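Structure first, commentary second.
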Amino acid sequence: MHRSVELVIALLGVLKAGAAYLPLDPSYPRERLQYLIRDAETGVLITDEQVQEVLGAEVARIVNQRREAAEIAAQREDEVESGVAADNAAYVIYTSGSTGKPKGVVNTHRGIVNRLLWMQQAFALQPHERVLQKTPFSFDVSVWEFFWPLMVGAGLVLARPGGHKDPSYLEEVIEREQVTTVHFVPSMLSAFIESGSLVKCGRLRRVMSSGEALSRELEREFSKGSRAELHNLYGPTEAAVDVSWWACVGEGGEGQRSVPIGKPIANMQLYILDRELQPVPVGVSGELHIGGVGLARGYLSRPELTAERFIAHPFSQAPGERLYKTGDLARYLPGGDIEFLGRIDHQVKIRGYRIELGEIEAVLSQHPEIREAVVLARGESTADKRLIGYMVSRGEQPAISEVREYLRERLPDYMIPGGFVWVERMPVTANGKLDRGALPGWEEVEGAGREREYVEPRGAVEEMLAGVWAEVLGVERVGIYDNFFELGGHSLLLTRVASRIRAAVSVDIPLRVLFDMPTISQLSMAIAAEQIKQADEVDVAELLEELQRLSPEEVRALLGSELNADFA
């Protein structure tokens with residue numbers, strides 16, 4: 001289901017019945033959705049008319065909330081006695097899997113109730129306040145966004161589907177609905193600040209941040225632009241959303257690149273251990289392990305993987321006590337707080353999404369024309385990180401657009417690399433192992449991402465756009481027919497483009513238009529159309545001169561576009 005009031009009703013209905021819910025994001029490829037349904041042995045599918053045809057009928061019972069609304073409304077309204085117990089499953093959320101297939105994490109009522117009660121104890125959300133629900137419900141941050149305000153009688157504000165990517169829309173809905181609490185992954189928070197939206201949201205009381213390392217620089221930028229509290233949360237899907245917390249103060253942290261993840265929340269324990277499962281001293285890095293009531297039951301129908309990652313608790317005599325091996329590197333700071341240092345494997349976080357690079361590599365390698373594939377996360381800062389796919393062909397190289405479409409049919413959009421590079425062979429070390437560090441950077445590859453002949457900008461607007469794109473994408477030059485996304489762009493970089501366009505030509509182009517017009521040639525026409533609406537006679541003369549540089553086909557497209565319907 002898409003984000004809607006009906007979705008919230010469905011989630012509550014599933015939990016009241018004593019079942020566990022499995023979120024199926026309609027934006028996922030059909031093949032992936034069908035895999036999740038089969039792998040979870042789904043018994044009942046709740047959907048609506050918009051998405052039912054996408055899934056087929058692979059389950060015993062399909063409930064279409066819209067078509068069956070009258071029948072549902074006629075049911076009894078008695079309290080439901082589900083018989084659910086604290087250790088029963090509450091929800092199953094799938095995460096990226098290193099073997100090439102996603103894996104389902106089974107979380108319990110005990111774990112999520114503990115997490116929600118801690119959050120209320122720590123932040124005391126009041127009934128008159130409002131929480132914005134904007135995280136896609138296939139990610140676990142959505143769990144507290146949905147249920148925390150409902151638990152205490154506060155307001156739950158639902159962002160429109162896809163609205164979580166658009167800073168200007170979020171600014172508008174936060175102010176209009178008087179939202180007091182919102183969550184941002186750090187990369188989106190950076191875009192929200194850069195767009196100028198944060199300073200306009202005066203009613204915000206608290207901003208929660210998680211999903212990526214929060215930099216000290218971003219913490220300071222936030223404190224300059226808002227009087228709201230900023231809180232850094234940390235936790236994997238395998239432990240009921242979050243397990244630690246740090247209240248940001250906007251200062252200090254000398255020698256630290258990132259903000260600490262703090263100390264454990266109620267009824268949770270954190271241990272930093274070496275390879276022998278022994279505690280490390282203060283300041284020494286080790287693998288972070290999690291214990292406590294928030295641990296998930298394990299991975300659905302994956303007993304071997306569950307046993308590998310959920311190990312017997314080495315410091316507890318209680319039967320059945322476990323620790324979860326996070327794969328995260330961390331260290332204790334002198335005051336007892338914990339600092340996150342990175343990963344010990346090839347799992348990455350891109351714009352808050354947890355991605356196993358091995359899953360993308362496995363899908364790429366299944367392409368009949370690709371012999372080998374390696375995927376890396378490139379970029380210095382959190383906001384600049386992007387996935388780059390390196391490929392060795394079996395013979396003739398297929399078009400990059402074909403490779404991208406192949407992945408789009410099998411993976412969610414956030415797992416599709418922003419750039420692709422063909423190499424003759426994969427570099428190896430002296431002992432024959434893959435040398436990932438020797439693979440060329442995106443900016444080192446001539447013509448990376450470009451499948452079209454370079455055509456230089458025509459006129460001031462296209463030159464401005466080419467300069468903005470080159471700066472944002474980190475490439476030397478951009479032609480007017482190059483595709484923003486094929487050059488490695490993504491939604492967060494589009495927000496930077498939008499803010500720079502606004503500053504350069506005083507035109508506010510909606511993010512959806514930037515998505516729909518991914519070339520400079522198209523975007524320059526959108527800007528011209530918007531300028532015409534605002535122009536006086538002198539401006540019109542200049543614009544007409546600009547229009548003369550366009551081809552007849554481009555002028556016809558401009559005059560017939562929906563953006564310029566009034567002018568046409």
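Both backbone and side-chain heavy atoms feed into the values below; hydrogens, waters and symmetry mates do not. Given the structure is predicted, the values throughout are model-derived calculations rather than measurements.
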Self-check item: Chi angles and distances behind the ring pair (Phe, Tyr, Trp, His ring centres under 6.0 Å) call for Trp118, Phe123
Solution: CA-CA 9 Å; Trp118 164 80; Phe123 304 113; 5.7 Å; yes
Looking at [Y], is its backbone amide N or carbonyl O close enough to the side chain of [X] to form a donor-acceptor pair, meaning the two atoms are under 3.5 Å apart?
X	Y	answer
Glu229	Ala247	no
Thr180	Arg130	yes
Asn88	Ala85	yes
Glu287	Gly327	yes

Practice problem: Apply salt bridge (charged side-chain N to carboxylate O under 4.0 Å, His left out) to Arg32 and Glu359, showing your working. | Solution: CA-CA 12 Å; Arg32 191 177 187 86; Glu359 181 174 358; 3.0 Å; yes
Check ion pair [X]-[Y] (N to O, under 4.0 angstrom):
X	Y	value
Arg115	Asp140	no
Glu217	Arg220	no
Glu238	Arg322	no
Lys134	Glu145	no
Glu339	Arg331	yes
Glu361	Arg436	yes
Arg205	Glu129	yes

Self-check item: Derivation of the ring pair (Phe, Tyr, Trp, His ring centres under 6.0 Å) call for Phe146 and Phe137
Solution: CA-CA 9 Å; Phe146 281 121; Phe137 79 135; 7.1 Å; no
Quiz item: Would Thr181 and Arg206 satisfy side-chain hydrogen bond (donor to acceptor under 3.5 Å, both in side chains), going step by step from the backbone distance to the final call?
Solution: CA-CA 5 Å; Thr181 302; Arg206 59 185 77 83; 2.7 Å; yes
Exercise. Take Ser187 and Glu212, measure what side-chain hydrogen bond (donor to acceptor under 3.5 Å, both in side chains) needs, and give me the verdict at the end.
Key: CA-CA 8 Å; Ser187 50; Glu212 299 167 334; 3.1 Å; yes
For the residue pair [X] and [Y], confirm or rule out a side-chain donor-acceptor distance under 3.5 Å.
X	Y	result
Thr495	Glu194	no
Asp413	Tyr28	no
Ser96	Glu356	no
Thr326	His289	no

Quiz item: Given the rule in the side-chain hydrogen bond (donor to acceptor under 3.5 Å, both in side chains) test, do Trp245 and His231 qualify, once you have shown the distances and angles that lead to the verdict?
Solution: CA-CA 7 Å; Trp245 161 52; His231 300 280; 3.1 Å; yes
Self-check item: Test ring pair (Phe, Tyr, Trp, His ring centres under 6.0 Å) applied to Tyr271 and His313, step by step
Solution: CA-CA 11 Å; Tyr271 303 86; His313 199 311; 5.3 Å; yes
Self-check item: Interatomic distance, Phe147 atom CZ to Leu12 atom CG [nearest 0.5 angstrom]
Solution: 5.5 Å
Self-check item: Nearest-0.5 Å distance, CD of residue Glu6 to CE of residue Met1
Solution: 6.0 Å
How close do [X] and [Y] get, counting heavy atoms only, and between which atoms?
X	Y	value
Glu219	Leu230	CA-CD2, 4.2 Å
Asp25	Pro136	OD2-CB, 4.1 Å
Pro417	Gly389	CB-N, 3.8 Å
Val179	Val131	CG1-C, 4.5 Å
Val141	Ser210	CG2-OG, 3.8 Å
Pro149	Leu156	CG-CD1, 4.0 Å

Exercise. For Arg410, enumerate each residue passing the side chain to side chain contact (heavy atoms under 4.5 Å, CB included) test, keeping only those at least two apart in sequence or located in another chain.
Key: Glu31, Val363, Tyr406
Quiz item: When the ring planes of Phe139 and Tyr353 are compared, do they come out parallel, tilted or perpendicular, using 30° and 60° as the limits?
Solution: tilted
Quiz item: Of Val348, Ile355, Ile360, which meets side-chain contact (heavy atoms from CB on, under 4.5 Å) against Val375?
Solution: Ile360
Self-check item: Whether over 12 other heavy atoms sit under 6.0 Å from Glu41 CD
Solution: no
Exercise. Dump the intermediate steps for ring pair (Phe, Tyr, Trp, His ring centres under 6.0 Å) on Phe310 and Tyr299, then the final yes or no.
Key: CA-CA 10 Å; Phe310 292 83; Tyr299 299 107; 5.8 Å; yes
Quiz item: Step by step, would you call Asp328 with Tyr234 a side-chain hydrogen bond (donor to acceptor under 3.5 Å, both in side chains)?
Solution: CA-CA 11 Å; Asp328 288 336; Tyr234 164 86; 2.6 Å; yes
Exercise. Evaluate the side chain to side chain contact (heavy atoms under 4.5 Å, CB included) criterion for residues Leu439 and Leu376: first the C-alpha distance (whole Å), next the side-chain angles of each, then the deciding distance (0.1 Å), finally the verdict.
Key: CA-CA 9 Å; Leu439 287 165; Leu376 299 181; 3.8 Å; yes
Exercise. Please say whether the positively charged group of Lys101, taken as NZ for Lys or CZ for Arg, lies over the ring of Tyr35, i.e. under 6.0 angstrom from the six-membered ring centre and within 45 degrees of the axis.
Key: yes
